[in-house]
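A short write-up of the structure that comes next.
Hydrogens, waters and symmetry mates play no part in the numbers below; they use all other heavy atoms, side chains included. Start at 1 with the first residue, then count along the sequence.
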Amino acid sequence: MPKLTVNGREIEVPAGITVLQACELAGAEIPRFCYHERLSIAGNCRMCLVEMERAPKPIASCAMPVADGMVINTDTEKVKKARNGVMEFLLINHPLDCPICDQGGECDLQDQSMAYGYDRSRFHENKRAVTEKYMGPLIKTIMTRCIQCTRCVRFATEIAGVEDLGLVNRGEHAEITTLEKAIDSELSGNLVDVCPVGALTSAPYAFAARPWELKKTPSIDVMDAVGSNIRVDARGRQVMRVLPRLHEDVNEEWIHDKTRHACDGLARQRLDKPYVRGLDGKLRPARWEEAFEAIAQRLEGADPKRVAAIAGDLCDAESMVALKDFLGGLGSPNLDCRQDGAKVGDGPRFSYLFNTTIAGIEQADAVLIVGANPRHEAALVNARLRKRFLASGLPVGVVGEPVDLTFETRHLGNDPKALAELAEGRGAFAEILEKAEKPMLILGSGAVARPDGAAVHALCLKIAERYGLVGEAAPEGWNGFNLLQRAASRVGGLDLGFLPGPGGLDTAGILAAASKGEMDLVWLLGADELDMAQLGSAFVVYQGHHGDAGAHRADVILPGAAYTEKNATYVNTEGRVQLGRLAVFPPGEAREDWTILRALSERVGARLPYDNLGDLRRRLIETAPGFARLDQVAAAPWEPLPDSAGTELSSAPFTLPIDNFYMTDPISRASATMAKCAEAFVLPKQAATGTEG
């Protein structure tokens, strides 16, 4: 490891890092605009100049690798003068519009001009002006502010994998442009975060609030099963924006566009009071007591086997354990958290987890993707796969619909026949898996929701065993079998055993029984992705926060709290337990879901044994001890499944469960911003392929 001296202090640093990184390890702050830890080095802005012994002039520390014996000074008069000069050049053409700039208060240019800049300019000519560029419905551009750091170009090319941004012309005429094309990437909102000035700002958030007006609450995203760490910024009772939080093992510092911009859906189509369907067939507002009375009358004397519950994709663990205990008190075994009908969850825990972990993708040397589109089902997982591909040329085989994952893939087929060939060791990709030291398989949640989902799951486990992804043949500590969940509630529900009890019905069974008139009451806990017509004449209680499909079908509506309005626990696809926190209070008479169930349980004479969140979380840990390990991934031991698992494999091709990335849940379907994105990106593709509607 090389040793160097920074400001008179000798330090030892890892080989291969830059002088800028070494200076920061030594405690010296180095200003920068173009440098970003996760992007390639450009050396554009020259703001990071430092003085190096025996160098004829200051060096750009971001582009200079460390060497043994270097002597670096970061605070000499020469360095200060150089930084003053660089800042003066950067501000030559910059418009003085900080009072109306959405980046104001969070702007690197503001901060660094105060700390390192000069208090006047010698430039008296006319400033240049640059025309605004169209980049889609999410990004507002004021390109006169641009300092050509090219962070946005490098992010789009390297992280997002779309080559829609570029720098054209030279010198005074240089401009960042998309050539009037919308940036078609599910990660495009991160361009606003990486921009160090106000050239790229959030279009939906434009002129909405100032950062110092907002209350900032750390929380967890529920738009997919990745569990991205986020910060919810609110003013009063309104969520103004959602930003990423750093978590190296989950989302690094990125979030996808649905996470960031669907938050306007939290203020639209909300359920803010209970409703009861009258004799005229219309829903009318009611008091809580009336709603509880209507439910109690239906439950009174009802056969428990004719009562059922289905949990939706956005549910928290607290509400699911409360509903499970509530139905258990009634004696009903009919409950399911798999509203898509997935044929997994009743086996070993490893069989429904992303066992490699998201960060573990960076160790893989071969990947097989089955019936999934991680770009839409888990965008941050796809970003990790691309990162690994760029670093090592990771071979990726795809069984299912061919999709653009932003990196090179090999399409092996679109039906289970291709899987069967791999299980028998046939094909070129079989040789790649044989030679790989740490191969991994990613099985999509849509593939196990097919009628033959159990057989597909069993076949993928057989492939995993054959090629040393799991079991004794796998490297120590490595489990390459992964089920990529797409619902934030799914792993938590499976861990809690929110599944049919002895003699109980699963989602398909509940719907079939309801359609035949054999189900008296069906409780939908935020479950909206069902065919409501199959509920027949059953009495439906919908407990949720948006007026979506479930609320339209309901006979009683109990208004719950959205994910930003409660202290709640979620488990991501890799089995990591994380806490979401209350940022704003629910609207109107809406309440946290578990408190609604607790109040109703007393009315029906089956009182739940917890009165506060602490008691409820103790019950969570009692039901599933893994909930005691916050922000940890406990390895789920591999266990061989019986050969008889599953049904006959179908010859039907795999289909993808998401055809519109921007509208997959009640919140995003209520979002005006997501509607604009669907109009800009999804509808043209559907029209071109003839699949619209």
* Asked: Around atom CE of M114, are there more than 12 heavy atoms of other residues, nucleotides or ligands at under 6.0 Å?
  ->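 Open: at most 12 neighbouring heavy atoms sit under 6.0 Å from CE of M114.
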
* Crowded around E53 CD? As in, over 12 foreign heavy atoms under 6.0 Å? ->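 Counting other residues, nucleotides and ligands, CD of E53 exceeds 12 neighbours.
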
Any salt bridge linking [X] with [Y]? Criterion: basic side-chain nitrogen under 4.0 Å from a carboxylate oxygen.
{"X": "E186", "Y": "K258", "answer": "no"}
{"X": "R154", "Y": "E37", "answer": "no"}
{"X": "D193", "Y": "R151", "answer": "no"}
{"X": "E106", "Y": "R241", "answer": "yes"}
{"X": "E362", "Y": "R384", "answer": "yes"}
{"X": "R388", "Y": "D365", "answer": "no"}

Can you check whether [Y]'s main-chain N or O pairs, donor with acceptor, with [X]'s side chain at less than 3.5 Å?
{"X": "T178", "Y": "Y134", "answer": "yes"}
{"X": "K216", "Y": "P211", "answer": "yes"}
{"X": "K215", "Y": "R235", "answer": "no"}
{"X": "D68", "Y": "K3", "answer": "yes"}

In terms of side-chain heavy atoms, does [X] have a donor or acceptor partner in [Y] at a distance below 3.5 Å?
{"X": "N44", "Y": "Q148", "result": "no"}
{"X": "N190", "Y": "R260", "result": "yes"}
{"X": "H376", "Y": "N382", "result": "no"}
{"X": "S671", "Y": "D264", "result": "yes"}
{"X": "T5", "Y": "E10", "result": "no"}
{"X": "S40", "Y": "E158", "result": "yes"}

* **Sequence-distant partners of Y35, ring pair (Phe, Tyr, Trp, His ring centres under 6.0 Å), two or more places apart** =>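 Applying ring pair (Phe, Tyr, Trp, His ring centres under 6.0 Å) to Y35 gives none.
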
* Non-neighbouring partners of F389 that pass ring pair (Phe, Tyr, Trp, His ring centres under 6.0 Å), sequence neighbours left out ->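 Listed in chain order: F407.
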
* Take E252 and K387, measure what salt bridge (Lys or Arg N to Asp or Glu O under 4.0 Å) needs, and give me the verdict at the end. => CA-CA 12 Å; E252 296 182 304; K387 180 179 180 181; 2.6 Å; yes

Do [X] and [Y] come within less than 4.5 Å of each other through their side chains, counting heavy atoms only?
{"X": "I59", "Y": "V50", "value": "yes"}
{"X": "T18", "Y": "I41", "value": "yes"}
{"X": "C677", "Y": "L138", "value": "yes"}

* Is the F661-H256 ring centre distance short of 6.0 angstrom? ->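 Judged by ring-centre distance (under 6.0 Å), F661 and H256 do meet the cut-off.
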
